[in-house]
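Here's the structure, in structure tokens; my notes come after.
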Amino acid sequence: MPPERHRRREILDALRAAGAPLGVADLAGRLGVHPNTARFHLDALVADGAAERTLDRPSGPGRPRTVYTARPGMDRGGSRGYRLLAQILLSRLSGAGPDGRREAERAGREWGRFLVDRPPPFARTSAGDATERLTALLADLGFAPDPDPAGEVVRLRHCPFLELAEEYGPLVCDVHLGLMRGALDELDAPVEAEALEPFAEPAACLARIRRT
């Protein structure tokens, strides 16, 4: 653990063990550090949402003292296992056969509807506008899209879920295709995502867009 993170963990542990709000000088004395060091890490803990800064009730004349307490809940530091979570969920869908693939595509559709930049009410979206909005959504999600001038093919030059796609193949691609279909459905445009061809080119997947 880096020294700064270790020191921050020590200060957070001290706040939790105190049972009452502590000031900068209190913490510095308990841990044997300079008050400026304690203040620096306390500010970082407040910014991270792990600690709270309040004013102590005054016991006499003068300005009230600033004190700190640990926020209730789990320590928000440490590593995350989002990829493992994705593997757990995808393995469950993978074991469901064709139903799993349908559910993956359906989930993608719902999120595509939610994520797309919708047009104003009563505005009709042209095929070109819809393709542009879809391309913008895919760019925001990290796919590095490259549409052809005719708007019939969008090359996806980066996959933000590449390792999962290599491991679970069609399931992840079904989610991607569902995202595109849901976004275009929400735009109510005269185009649809007809197919997604994974790794169709050495450095890209191909999303095929068809006018309806």
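Numbering of residues begins at 1 and proceeds along the displayed sequence.
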Before giving the answer on side chain to side chain contact (heavy atoms under 4.5 Å, CB included), spell out for E166 and L162 the whole-Å C-alpha distance, their side-chain angles and the decisive distance to 0.1 Å.
CA-CA 6 Å; E166 291 173 338; L162 180 60; 3.9 Å; yes
Apply side-chain hydrogen bond (donor to acceptor under 3.5 Å, both in side chains) to S126 and list each qualifying residue two or more places apart in sequence or on a separate chain.
D129
In the single-linkage hydrophobic clustering (I, L, V, M, F, W, Y; side-chain heavy atoms under 4.5 Å), do [X] and [Y] co-cluster?
X: V46; Y: I11; value: yes
X: L55; Y: V67; value: no
X: W111; Y: Y168; value: yes
X: M180; Y: L164; value: yes

Look at [X] together with [Y] and state whether they make a salt bridge at an N to O cut-off of under 4.0 Å.
X: R210; Y: E152; answer: no
X: E201; Y: R155; answer: yes
X: R101; Y: E105; answer: no
X: R83; Y: E163; answer: no

Enter the distance from [X]:[atom1] to [Y]:[atom2] here, rounded to the nearest 0.5 Å.
X: S94; Y: L89; atom1: OG; atom2: CG; value: 12.5 Å
X: D174; Y: L196; atom1: CG; atom2: CG; value: 8.5 Å
X: C205; Y: L177; atom1: SG; atom2: CG; value: 11.5 Å
X: L187; Y: R113; atom1: CG; atom2: CZ; value: 10.0 Å
X: R181; Y: E110; atom1: CZ; atom2: CD; value: 14.0 Å

Verify, without hydrogens or angle tests, whether [X] (side chain) and [Y] (backbone) share a donor-acceptor contact under 3.5 angstrom.
X: D56; Y: R65; answer: no
X: D26; Y: G23; answer: yes
X: R7; Y: T37; answer: no

Only pairs under 3.5 Å count here: list side-chain donor-acceptor contacts from residues 133-145, not counting sequence neighbours, and write none if there are none.
from : atom 1 : to   : atom 2 : distance (Å)
R133 : NH1    : D117 : O      : 2.8
T135 : OG1    : T131 : O      : 2.7

D188 meets the side chain to side chain contact (heavy atoms under 4.5 Å, CB included) criterion, sequence neighbours left out, with none
Kindly indicate whether the side chain of [X], heavy atoms from C-beta on, has any atom under 4.5 Å from the side chain of [Y].
X: L22; Y: Y68; value: no
X: E103; Y: L93; value: yes
X: L90; Y: R92; value: no
X: L179; Y: L115; value: yes

The test is salt bridge (Lys or Arg N to Asp or Glu O under 4.0 Å); show your working for R53 and D43 and say whether it passes.
CA-CA 9 Å; R53 181 192 296 115; D43 289 343; 2.8 Å; yes
Closest non-hydrogen atom pair between [X] and [Y], with its separation:
X: A70; Y: L12; value: CB-CD1, 3.9 Å
X: G49; Y: R71; value: O-CD, 2.8 Å
X: P198; Y: C173; value: CB-SG, 3.6 Å
X: A44; Y: R8; value: CB-CZ, 3.5 Å
X: A193; Y: I209; value: CA-CD1, 4.1 Å
X: V191; Y: T212; value: N-OG1, 3.7 Å

Residues E194, R208; criterion salt bridge (Lys or Arg N to Asp or Glu O under 4.0 Å); working and verdict
CA-CA 6 Å; E194 183 178 21; R208 299 201 176 273; over 6 Å; no
Derivation and outcome, side chain to side chain contact (heavy atoms under 4.5 Å, CB included), residues T66 and V24
CA-CA 8 Å; T66 300; V24 172; over 6 Å; no
Please check if atom CZ in R106 has more than 12 non-hydrogen atoms from other residues, nucleotides or ligands closer than 6.0 Å.
no
Side chain to side chain contact (heavy atoms under 4.5 Å, CB included) between V33 and L27, intermediate numbers included:
CA-CA 8 Å; V33 299; L27 277 165; over 6 Å; no
Take V154 and D146 through the test side chain to side chain contact (heavy atoms under 4.5 Å, CB included) and record every step on the way to the result.
CA-CA 5 Å; V154 178; D146 179 20; over 6 Å; no
